[in-house]
Every structure is written in C-alpha cells, then in structure tokens.
Amino acid sequence: MNVYRRLLGYSFKYKYRLITGIVLSFFVSILNGASLTSVIPIFNAIGKGGKADFQILLTKKESIAFKDREEGKELEAIQKIEVLVADIKIKTNYYLTTLPKDQLVLLFCLFIFPIYLAKLLFLTGAVYCINSGGYLAVRDLRLELYSKAQELPLNHFVQEKTGIFMSRIVNDVEVLAKLISSDLKDAIVDFFYILTHLLILLILSWEMFVAVLVVVPLIMGPVTSFADRIRKATRNQQERLSALNGHLQEVISGIRVIRAFSMEKTEAGRFWEINNDLSEKTFKGHFYHQIGPSLVELSSSIVAVIFLAFGAYLIELQKLTLGHFMIFFLTLVFLTRPFKQMGMLSNSIQSAVAAGTRVFEMLDSETDVRNSPNPIYPKRLSKELKFDSVGYTYPGAKSPALADLNLSIQKGSTIALVGSSGAGKSTLVDLVPRLIDPTEGSITWDGTDLRNLDIASLRKKISIVNQQVFLFNGSIRENICYGTENVTEERMREVSELAFATDFILSFEDGFDTVVGERGVMLSGGQRQRISIARALLNNPEVLILDEATSALDTESERVVQQALESLYKNRTVIIIAHRLSTVQIADTIFTMEGGKVVESGSHSELIRLDGKYKKLYEMQFAETPV
Ligand code: ADP
Ligand code: MG
C-alpha cells in the first residue's frame with residue numbers, strides 16, 4: 001500500500017483537480033439516486049388498474065394549517081405559506097387525476113430528463129478533473145524516471161538489459177497511469193454511488209436492506225478470491241513480456257555474432273522457451289480475466305431470485321408498494337456494476353502495486369555518482385590531476401578492479417596506459433569524468449577532490465574517445481556538433497579537416513548533411529572514429545582520453561586516424577590507452593598496469609631499459625608484426 005500512497009503523492013500535486021473531481025462525483029451519485037427514485041411514482045401509476053391515481057401527499061403541518069383555515073381560525077405567517085403549498089398540491093393532485101395513465105407517465109419522464117442531463121454534465125466534469133490530474137501526475141513520474149536513468153550507475157545498463165529498463169518507463173508507468181486516472185475516477189464515483197444508493201435502499205425498505213446485508217457478501221466472496229489469481233497471472237505476464245523484449249533486443253543487436261558462430265539454433269531454442277512461457281502465462285491471465293465477470297454474474301443472479309421472492313412476500317403483507325419494490329430492485333441491480341467494478345479495481349491495484357514496486361525500486365536505487373550540494377566550479381587545470389591510493393570495486397564484484405593506485409598527470413602532458421586486457425585501464429579513465437567514483441582513495445583536480453566539483457562543468461572539460469563510437473541517427477553535421485552549442489560552419493569544417501574527415505564527408509552526395517543511419521551503420525569504423533574525433537576537437541576539452549580509440553581499425557585507417565589524433569594532443573592533457581604499443585611511444589610517461597595496479601612507469605626508452613613487463617609486451621607485438 002506504500003506504493004499506492006506514493007503514487008497518490010504524485011496526484012496530490014494536482015489536488016485541486018482531484019478535490020473538484022471528488023465533489024462532482026458526489027453530485028453525480030446524488031443525481032443518479034434522484035433519477036432512480038423519481039421513477040417510483042411512474043411504477044405506482046402503472047401498477048394500479050384503470051385510471052392513474054398518483055397523489056402528492058400533504059405534510060402533517062400542511063394538513064393542520066389547511067384544516068385551521070377551513071375552520072376559520074387565525075393563521076400564523078408560516079401557516080399561510082403552508083396553506084399556499086397545500087393548495088398547490090391539491091390542485092396538482094386534481095389535475096393528475098384527470099390525466100390518462102400514459103400522459104401521466106410522460107409527465108414524469110419530462111421531470112427525469114433534466115436530472116439525467118445534469119448528471120451527464122457533472123460526470124463529464126468529474127472525469128475531466130480526475131483523469132487529467134492522473135495523466136499529469138504520470139507525466140511527472142515518467143520524467144523523473146527518465147532523469148533518474150541519466151544518472152544511474154553505468155553499471156546498471158550493463159547488468160540490466162535495456163529492454164527491461166525500457167519496459168519500466170513505458171509499460172509499468174502505463175499500468176500506473178491507468179490506475180491513477182480512469183481507475184481512480186471509477187473508484188471515487190463508485191464509492192459515492194455505493195454510499196448514497198445503500199442509503200436509498202435503507203429508506204425504501206429496511207426489511208429488504210437487512211436482507212441485502214446478509215446476502216451481498218455472497219457476491220463479494222468469489223470476487224476477492226479471484227482477484228488474487230488475476231494479480232498473480234498479470235504479474236507473471238508482465239515479467240515474461242519484458243524478458244521477451246530483452247531477449248529480442250539482444251538477438252537483434254548481436255545478429256552478426258550469432259550468425260558468425262552458427263548459434264541460430266541455440267538462440268531459437270531460447271526464444272522458443274521464453275515465447276512459450278509468455279503465451280502460457282498470458283493465456284492464464286486472460287482466462288481468469290474473462291471468467292471473473294461471469295462468476296460475479298452468477299452470484300448476483302442468485303441474489304436477484306432471493307430478493308424477488310422476498311419482495312413479493314412484503315408486498316403481499318402491504319409493507320411495500322410496487323413502485324418502492326421495483327426501484328429497490330433496480331437500485332440493487334444498478335449497485336452490482338460499481339461493486340463489480342470495485343472488484344476489478346482491486347486487480348488493477350494489485351498489478352499497479354507490482355508495477356509501482358518496480359518503478360519505485362528504480363527511482364530509489366542508489367546513484368553512485370552524485371553532485372555535491374555546494375559544488376565548486378573547476379578552473380582550468382593549472383598543475384596536475386592526481387590519483388591518491390585510488391581503489392575501485394564494481395558493485396557485486398568479488399575483487400577490486402583497481403587497487404592502491406597512485407599517479408600524477410601533469411597539466412599538458414601526454415601519458416599512456418598499457419597492459420593486458422582486464423588490467424583496469426578503462427576503469428581508471430572512467431573515474432576522471434566521474435562516470436564512476438572511486439570506492440577508495442581520491443582523485444584531485446589541482447588539489448580539489450573531484451567529488452566536490454560540479455559534475456557537468458567537470459565533464460565539459462573532458463572528452464573520451466572510445467573504441468565504440470556512438471553516432472546518433474542524424475546528419476554528420478549534427479553528430480559532429482553534438483554537445484557543443486553555437487558552432488559556426490567555419491569552425492565545424494576546420495575541425496573536420498583536423499580530424500582528416502573532410503575528404504570522405506565531401507565524397508558523399510549530401511556532404512555534411514548526409515544522414516548516418518542508426519548508430520552510424522552507413523559509415524566504416526574509421527570514418528565513424530574520425531567523426532567522433534572531430535566532435536571531441538570541437539568540444540575543445542582540457543583533458544582528452546583515448547580508450548583504445550584505434551583498436552578496431554585496420555592498419556590503413558589506423559594510420560589516418562592516428563594522424564588525426566596527433567593534432568588533438570597539442571595544448572592538452574592527454575591519456576592514451578592503446579593496445580598497439582607503436583602508438584604510445586610519444587607519451588611523456590607510460591604506466592604499465594597489471595591486475596588493477598601500476599607496476600611500472602617511465603618513458604618508452606626507460607621502460608625498455610628496465611626490461612620488465614612493458615618490454616615483454618613490446619617484444620611480443622614486435623614478433624607478431626609481419627616484416
Ligand atoms: P581494461 O580496460 O584494462 O581491459 P577494464 O577496466 O575494462 O580493463 O576491467 C578491469 C576489471 O574490471 C576486469 O576484471 C573486468 O572484468 C572488470 N569489469 C569491467 N567492467 C565491469 C563491470 N561493468 N562490472 C563488473 N566488472 C567489470
Ligand atoms: Mg578497456
């Protein structure tokens with residue numbers, strides 16, 4: 001129920017709509033009651049044989065006042081009004097007795113029509129207020145989830161599949177939306193409806209009402225037990241659906257690998273399992289959903305039969321008029337709908353609680369990187385970026401990816417990190433723009449801990465070029481300018497020239513306006529890489545990080561990209577991670593890493609002289625390289 005309260009918290013921002021909606025709903029049920037009870041005279045009029053003899057009764061006071069006047073007594077002021085009302089009533093009654101039965105019925109119908117019209121207006125208002133409030137609340141929630149996604153640990157996106165994540169923002173939120181808009185409206189309207197109509201029943205006939213209290217639980221019994229099953233089935237179905245989504249996503253993005261390794265059969269088998277499971281669970285859910293209402297119908301028809309018999313008995317005893325009985329019965333029948341709906345509502349609540357639990361779980365999950373409450377805006381790096389006994393352990397990992405790391409990167413210098421795969425190089429550079437924060441030790445920017453700096457301004461000063469370049473499905477121009485504002489055409493062409501990208505870009509028919517396709521599929525690896533270098537250049541970062549930027553390229557493209565990169569090194573602090581050692585020899589200092597630690601450092605020639613790990617790596621590559 002905590003979930004529901006939290007969810008209502010979002011609606012509470014739009015409380016005036018909610019309150020107006022509640023008030024209107026109350027009037028809707030009052031008007032509905034009025035329209036029902038005003039039918040009583042019609043039934044009574046129809047019921048009698050021959051002429052219609054409907055009469056408006058005088059109140060006791062009115063009859064006394066009337067009698068007093070007949071007897072010629074002195075009348076008080078109030079009594080004069082009462083006599084006036086009594087006169088009108090008597091005249092109306094006289095008029096009514098002159099009417100044939102069908103005209104009398106028609107007359108009553110004319111009275112009921114405005115009531116229905118008013119009810120419609122109030123209902124429209126209630127629906128508008130409550131539903132719009134609900135959707136606004138959901139809009140806020142979805143936005144909050146989206147922003148949360150932006151600051152979740154990167155790790156989250158590796159561990160949890162993107163499909164599942166999308167299902168939170170799209171499907172789960174939609175379930176919640178239904179609950180706090182249309183379902184909430186139903187609940188409020190039904191609540192008042194049930195309340196007022198039970199009261200009407202009590203006034204119409206208390207004997208019958210007592211009977212209702214005894215028999216109605218018969219309807220609710222099966223409903224609640226069924227609600228349980230439906231909830232379970234729906235939850236399973238939701239979970240299976242996101243599993244299917246996740247699997248499809250994985251298969252589609254990994255299609256090359258799957259084909260290359262002839263894994264189609266295995267993947268198809270996995271898909272079969274998930275798909276089969278999903279259809280079983282979905283069937284179950286739908287089955288219960290469709291059987292539920294019929295079960296309720298059965299129980300209510302049993303109730304109806306009992307009441308018909310009891311009502312006939314009371315009329316026989318003259319404790320009830322036919323009109324009262326008919327309306328009692330009608331009201332009772334009309335009451336089954338809101339009760340039924342309330343039964344269904346409990347299902348909605350159950351599945352919304354499940355969806356809400358998942359949504360709020362995500363909203364509540366810890367963001368490991370958080371902006372300091374009073375962040376310092378970093379100045380230009382003037383001295384050094386320093387790692388002080390830095391350690392990092394991935395969430396859930398047994399051993400640390402980095403341990404007791406000490407290194408100093410001087411402003412304007414170029415350093416390189418080398419070491420076998422898994423040594424911790426990427427982890428180390430992810431720490432610099434605070435994609436992750438160290439779990440031990442600290443990193444300082446001219447002496448200020450990175451954690452005290454404003455994240456956005458820090459990141460503006462740093463560019464990372466990775467092995468996997470991410471391009472958005474837009475034009476080359478948009479991709480180069482991504483993340484930098486107010487770029488002139490001249491400046492953009494300048495950086496693409498520096499990145500050795502102009503030639504190939506202009507070879508396309510549309511030049512800079514060429515659309516690159518989803519994730520840049522239209523371009524070769526080297527071309528994508530050069531676009532990302534142009535992007536980094538335009539951003540003009542103080543610190544440039546190249547994480548295996550050229551590893552995925554063939555020798556020829558690598559040579560071109562390498563040239564492009566060298567124009568980036570000037571006047572910058574550069575961290576290069578490279579697999580091919582030929583590209584790191586220009587570095588001022590090279591750090592050799594192993595098992596999350598720096599084991600050697602020095603210039604290329606110093607490290608060769610040292611005859612350690614670096615020399616071994618170097619010799620290994622030298623042997624690999626064909627002469
Ligand atoms: P390198 O870039 O030197 O190849 P990484 O920094 O990527 O090495 O990885 C260092 C260690 O951290 C490896 O043992 C790797 O398995 C582990 N690791 C990397 N990323 C994650 C992650 N997202 N979750 C858990 N462990 C990770
Ligand atoms: Mg790496």
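Just follow the structure's listing: the first ligand is 1, and inside any ligand the first atom is 1.
- Ring orientation note: the planes of Tyr614 and Tyr618 are close to parallel, at an angle under 30° on the 30°/60° scale.
- Counting only protein atoms, the N, O or S atoms lying less than 2.8 Å from the Mg ion (ligand 2) are Ser426 OG, ordered by chain and residue number.
- Between Asp388 and Ser442, the side chains place no donor N or O within less than 3.5 Å of an acceptor N or O (distance only, hydrogens not considered).
- Considering only heavy atoms from C-beta on, Ile531 comes within 4.5 Å of Ile480 through its side chain.
- Within the 4.5 Å cutoff, side-chain heavy atoms of Arg477 are placed close to those of Ser475.
- Residues Ser496 and Thr502 bring a donor and an acceptor atom of their side chains to less than 3.5 Å of each other.
- Close approach of ligand 1 to Thr427 is summarised as follows: ligand atoms under 4.0 Å from at least one heavy atom of the residue are 5 (P), 6 (O), 9 (O), 10 (C).
- At under 3.5 Å, not a single nitrogen or oxygen of Ala401, backbone or side chain, sits near a nitrogen or oxygen of ligand 1.
- No donor-acceptor contact under 3.5 angstrom links the side chains of Ser147 and Glu144, judged on distance only.
- A 4.5 Å side-chain heavy-atom check between His604 and Ile608 finds at least one atom pair inside the cut-off.
- The six-membered or imidazole ring of Tyr394 lies near that of Tyr392, with a centre-to-centre distance under 6.0 Å.
- Neither the backbone nor the side chain of Ala397 comes within 4.0 Å of ligand 1, counting heavy atoms alone.
- At least one N or O atom of Gly424 sits closer than 3.5 Å to an N or O atom of ligand 1.
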